Amino acid sequence: HVLVSAYPIIDLAWEAVRYGKPNGVKTIVDIRDLWPDIFIDKTPQPLKKIVRYFLCGFFTKASWTLNQADSLVAVSQGYLNWGLKTGKRNQRASDRVFYIGYPDIQKNKIKRSEKVENLKEKIKNKVVFTFIGSFGYSYELDLICKAAELLARNGNQMVYFILAGDGHQFDYVQKQAEFFLNLSLTGWLDRNELYQVLQVSDVGLVPCLSHVDTVPNKPFEYLSAGLPIISSLKGEMSRIISKYQIGYSYSCGDVQKFNRLVINLSENGLERKRMSENACKLFNNFFREEVIYNEYAAHVENIAGGTY
């Protein structure tokens with residue numbers, strides 16, 4: 001028998017391990033976010049010690065849970081390293097990284113949607129840079145608006161931005177987009193429309209405000225469509241982008257560098273093609289859901305069978 005528990009919620013993983021230890025049930029804790037550290041990171045400096053004091057019970061539970069689990073798995077090596085440090089344990093053979101898998105959208109049959117067909121008229125003969133996702137505060141969408149404004153002022157007629165999704169920032173971005181002819185908002189898309197937008201895009205955008213070594217599903221979504229990436233993710237994803245030459249990285253808030261990268265990829269079709277080929281190869285070898293989740297299933301079976 002084996003129990004697999006997502007982490008967070010801390011209490012859920014803690015209860016799973018607490019049940020498993022005396023009952024001979026192996027436990028796997030799957031680290032998906034850095035609780036409770038994330039709350040400290042988002043707290044103003046003068047209040048950090050106070051918040052940490054009130055969260056001390058969660059820190060104790062987290063440390064014990066991560067120490068006592070038979071296996072730790074995580075969505076990035078950075079997150080696994082955090083789990084090992086928090087749990088005060090050395091990495092074992094049973095501690096593994098499993099990135100977030102994504103389906104190969106290039107193999108999907110896609111029906112044409114009127115919404116995307118109308119968009120095609122606007123992007124004809126343009127190089128399309130696309131963000132797809134939640135318009136939450138963890139994404140620096142105002143940077144894309146500033147870039148669109150700068151490019152328009154400089155008379156650039158080659159670049160076009162698509163922002164697809166909905167959320168807290170939608171009204172703000174919509175007001176900005178009213179003034180730009182090089183930026184469109186699609187609103188919420190169903191899966192078929194999302195795939196179609198990715199198919200008409202040239203580059204995927206990851207303007208993410210996040211913890212170092214965060215590896216969300218957004219890059220893999222773009223890679224599944226063979227898109228190069230421009231990303232603000234620090235640490236592990238930045239190293240992957242550089243190592244496999246699938247795009248470029250910039251620092252959050254650096255609209256000037258972001259603009260330079262956009263212009264470079266818009267003007268260099270051969271570079272886009274090379275990076276697109278690299279993206280397809282990387283996705284097929286490492287990030288397809290069939291590859292990752294088959295390995296994950298085998299890992300669970302190995303833990304249950306006492307292989308490690």
Side-chain angles (χ1 to χ4, degrees), residues 75-78 99-100 102 105-106 123 126-133 138-154 156-165 173 180 182-183 197-287:
V75 294
S76 74
Q77 184 62 50
Y99 291 107
I100 300 171
Y102 205 80
I105 74 164
Q106 297 187 70
I123 63 176
K126 309 285 187 183
V127 181
V128 180
F129 294 76
T130 296
F131 168 82
I132 290 179
S138 59
Y139 290 105
E140 200 173 30
L141 301 182
D142 58 327
L143 178 136
I144 298 176
C145 294
K146 290 175 184 176
E149 182 179 13
L150 284 171
L151 289 166
R153 284 182 179 177
N154 292 331
N156 186 300
Q157 298 181 2
M158 185 180 296
V159 172
Y160 200 94
F161 296 102
I162 295 176
L163 301 180
V173 177
F180 308 138
N182 58 354
L183 189 155
V197 167
L198 288 174
Q199 283 194 337
V200 300
S201 301
D202 296 292
V203 180
L205 301 177
V206 191
C208 197
L209 298 162
S210 67
H211 196 280
V212 174
D213 291 327
T214 296
V215 182
N217 66 347
K218 190 64 52 196
F220 309 127
E221 190 172 24
Y222 298 140
L223 293 179
S224 73
L227 300 184
I229 297 168
I230 297 179
S231 166
S232 63
L233 290 167
K234 300 177 183 178
E236 192 161 343
M237 195 65 220
S238 178
R239 291 191 292 272
I240 290 173
I241 289 171
S242 176
K243 179 179 179 179
Y244 294 100
Q245 299 182 45
I246 56 171
Y248 297 117
S249 296
Y250 69 98
S251 297
C252 290
D254 192 345
V255 67
Q256 297 297 334
K257 182 171 183 180
F258 177 83
N259 244 21
R260 289 196 299 273
L261 297 178
V262 166
I263 291 170
N264 180 60
L265 278 179
S266 69
E267 294 178 347
N268 195 333
L270 289 177
E271 182 76 347
R272 289 200 314 275
K273 184 175 184 294
R274 182 181 69 85
M275 288 184 168
S276 177
E277 290 171 350
N278 291 343
C280 289
K281 186 184 300 183
L282 181 64
F283 176 78
N284 286 322
N285 289 341
F286 296 107
F287 300 133

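No experiment lies behind these values; they were computed from the predicted model shown. When a residue number appears, it is its place in the shown sequence, counting from 1.
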When you measure from the side chain of N156 to the backbone N and O of M158, does any donor-acceptor pair fall under 3.5 Å? yes
Got a salt bridge between K146 and E149, using NZ or NE/NH1/NH2 to carboxylate O under 4.0 Å? no
For Y99 and Q77, which I'm curious about, is there any donor-acceptor pair between the side chains at under 3.5 Å? no
Could you tell me whether E267 atom CD has more than 12 heavy atoms of other residues or ligands within 6.0 Å of it? yes
Check the pair L183, L163 against side chain to side chain contact (heavy atoms under 4.5 Å, CB included), reporting the backbone distance first and the verdict last. CA-CA 8 Å; L183 189 155; L163 301 180; 4.2 Å; yes
Nearest heavy-atom pair of Y248 and I241: which atoms, and what distance? N-CG2, 3.6 Å
Do any N or O atoms from the side chain of Y160 and from the backbone of F129 form a donor-acceptor pair under 3.5 angstrom? no
Measuring from L227:CG to I132:CD1, what's the distance to the nearest 0.5 Å? 8.5 Å
Do side-chain atoms of D213 reach the backbone of E236 as a donor and acceptor pair under 3.5 angstrom? yes
I need the M275 CE to L223 CG distance, nearest 0.5 Å. 12.0 Å
Could you check F161 against V128 for side chain to side chain contact (heavy atoms under 4.5 Å, CB included), going step by step and ending with a plain yes or no? CA-CA 6 Å; F161 296 102; V128 180; over 6 Å; no
So, are D202 and K273 salt-bridged, with charged N and O less than 4.0 Å apart? no
So which pairs with a foot in residues 256-277 pass ring-ring contact (aromatic ring centres under 6.0 Å, His included), sequence neighbours left out? Y250-F258
When the aromatic ring centroids of Y139 and F131 are compared, is their separation below 6.0 Å? yes
Test item: S238 side-chain N/O and K234 main-chain N/O as donor-acceptor pair under 3.5 Å: no
Main chain of L233, side chain of S231: is a donor-acceptor contact present, judged purely on distance under 3.5 Å? yes
Whether K218 and E221 form a salt bridge (side-chain N of Lys/Arg under 4.0 Å from carboxylate O of Asp/Glu) is what I want to check. yes
I want to check something: taking the side chain as every heavy atom from C-beta on, are V215 and V75 in contact at a cut-off of under 4.5 Å? no
I'd like to know if the side chain of N182 and the backbone of A148 have a donor-acceptor N/O pair within less than 3.5 Å. yes
For the pair N278 (side chain) and Q245 (backbone), establish whether a donor and an acceptor sit closer than 3.5 Å, ignoring hydrogens and angles. yes
Judged by atom type as modelled, is there a donor-acceptor pair below 3.5 Å linking the side chain of S232 to the main-chain atoms of V206? yes
Report yes or no: does N264 contribute a side-chain atom to a donor-acceptor pair with the main-chain N or O of R260 at less than 3.5 Å? no
Would you indicate whether the side-chain heavy atoms of C208 and E140 approach each other to under 4.5 Å? no
How far apart are the C-alpha atoms of L205 and T130, what are their side-chain angles, what is the distance that settles it, and do they pass the side chain to side chain contact (heavy atoms under 4.5 Å, CB included) test? CA-CA 6 Å; L205 301 177; T130 296; over 6 Å; no
Would you say the side-chain atoms of R272 pair up with the backbone N or O of S266, donor to acceptor, closer than 3.5 Å? yes
